[in-house]
Amino acid sequence: MRSYRIAAIPGDGIGSEVIAAGIEALTACAGRDGGFEFVFDHFDWGSERYKKTGAFMPEDGRDQIKGHDAILFGSAGAPDVPDHITLWGLRLAICQPFDQYANVRPTRILPGIVSPLRHVTGPELDWVIVRENSEGEYAGVGGRVHRGLPEECATDVSMFTRTGVARIMRFAFALARSRPRKLLTVVTKSNAQRHAMVMWDEIAAEIAAEFPDVTWDKMLVDAMTMRMTLKPATLDTIVATNLHADILSDLAAALAGSLGIAPTANLNPERKFPSMFEPIHGSAFDIIGKGIANPIGTFWSGVMMLEHLGQPAAARRLMRAIERVTADRSLHTPDLGGRATTAQVTKAVCDALAGDNE
Ligand code: ATP
């Protein structure tokens, strides 16, 4: 039997609650399939460790997980640790060295979920956002001098390389081609940012020539927020820079009903390193320990992990189980306006998996 070794990193806040739920559902899914199994190794990396030792993960942390088939990540963030320290100390400390340059974020309105857009009932909103995940505005280039003095100065320099832009464009065009509508929107800001964003547009046009069957268009990021809310059905696959896609995907998650549902995959498409799967929400400190965290974003991230591992039938089965559960409003957690608990939703997904005979 094929055995997949998964590094489970719950991180902070509700991370441990949703990852425990995710492990339960993925184990049930593998058991139902019978052809493969998961072995989870648990890593206690996160803000608690940082506060005790000064480091989010051990020095050889990446070596400990680089041989795993995939990483299942919860969330990073603590109220008493500055966000930029957490982000660079844990999430980016894994994404960047493992060259997980393609961040893929599907958005759909699942059955039973109500979008805040009053004219949208479901099929009008079915997107995948591809976020450049290795450079751009989050390249980490910059500095700060003369701290605290009136002449203090700080810079964050966006860095775009031809290699980095070309590979994310090629990935996005290929993904668009694999979807029924074969439609890609390239998000840009090449009116105001006249160097890197103009190069971004030029490279998009070059790569487009390799994909003559994909229809594509360009949108400025500001206008894109309007198109997402007013004309969602005109979009399918979307590619944007690290910063732009970060913002647009939070908007997308909200339009699809809740941050608690949205999944993401940080892919190293060449598979030289493990890819990382995580719900897009954060640590949600306001609900920690209450047992009401919505685990659907983690389950859907599990679906993406199964697809990446080459288990498409199991991925479809887990997605069917998720949709059966969201369709039942008595199984909605409070973020969706319901009263269900994490444990009830998890059990319902496991039961749906057991009862799926398709
Ligand atoms: P961070 O700084 O870690 O990103 P945050 O609190 O700024 O944390 P989120 O953790 O994403 O951002 O939470 C934003 C809001 O959405 C919070 O009110 C939180 O309770 C809610 N939320 C996020 N994820 C979930 C979830 N899985 N289930 C229920 N509510 C959630």
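Count residues from 1 along the sequence. For ligands, and for the atoms within them, numbers begin at 1 and follow the listed sequence. Values below: every heavy atom of this structure, side chains too, minus hydrogens, waters and symmetry copies.
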Are any non-hydrogen protein atoms located under 4.0 Å from atom 11 (O) of ligand 1?
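There is a protein heavy atom less than 4.0 Å from atom 11 (O) of ligand 1.
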
Would you say [X] contacts ligand 1, with heavy atoms under 4.0 Å as the rule?
X: L259; result: yes
X: A293; result: yes
X: I14; result: yes

Hey, looking at atom 19 (C) of ligand 1, which of D286, I261, D83 has the closest heavy atom?
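Selected option, by shortest heavy-atom distance: D286.
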
Just say parallel, tilted or perpendicular for the rings of Y4 and F36, cut-offs at 30° and 60°.
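The arrangement is perpendicular - the two ring planes meet at more than 60°.
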
Mind telling me whether F171 and Y101 have parallel, tilted or perpendicular rings, with 30° and 60° as the class edges?
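If you compare the ring of Y101 with that of F171, the planes turn out perpendicular.
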
Heavy atom under 4.0 Å from ligand 1: found in [X]'s side chain, backbone, both, or neither?
X: P295; result: neither
X: N294; result: both
X: D12; result: neither

In ligand 1, which numbered atoms sit nearer than 4.0 Å to a non-hydrogen atom of G260?
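Those atoms are 26 (C), 27 (N).
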
Check whether any N or O atom of G282, backbone or side chain, sits under 3.5 Å from an N or O atom of ligand 1, and answer yes or no.
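Looking only at distances, the answer is yes, because the N/O contact criterion of under 3.5 Å is met.
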
Test of proximity, A284 against ligand 1: N or O pairs below 3.5 Å
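Between A284 and ligand 1, an N or O pair is found under 3.5 Å apart.
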
Heavy-atom check, side chain of V239 versus side chain of I168, under 4.5 Å
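V239 reaches I168 side chain to side chain.
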
Heavy-atom distance under 4.5 Å between the side chains of W45 and P58, does that happen here?
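With C-beta onward as the side chain, the pair touches.
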
Any salt bridge linking [X] with [Y]? Criterion: basic side-chain nitrogen under 4.0 Å from a carboxylate oxygen.
X: E323; Y: R320; value: no
X: D356; Y: R32; value: no
X: R5; Y: D41; value: yes

Picking from M197, E135, R131, what satisfies side chain to side chain contact (heavy atoms under 4.5 Å, CB included) with T241?
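Of the listed residues M197, E135, R131, the side chain to side chain contact (heavy atoms under 4.5 Å, CB included) partner of T241 is M197.
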
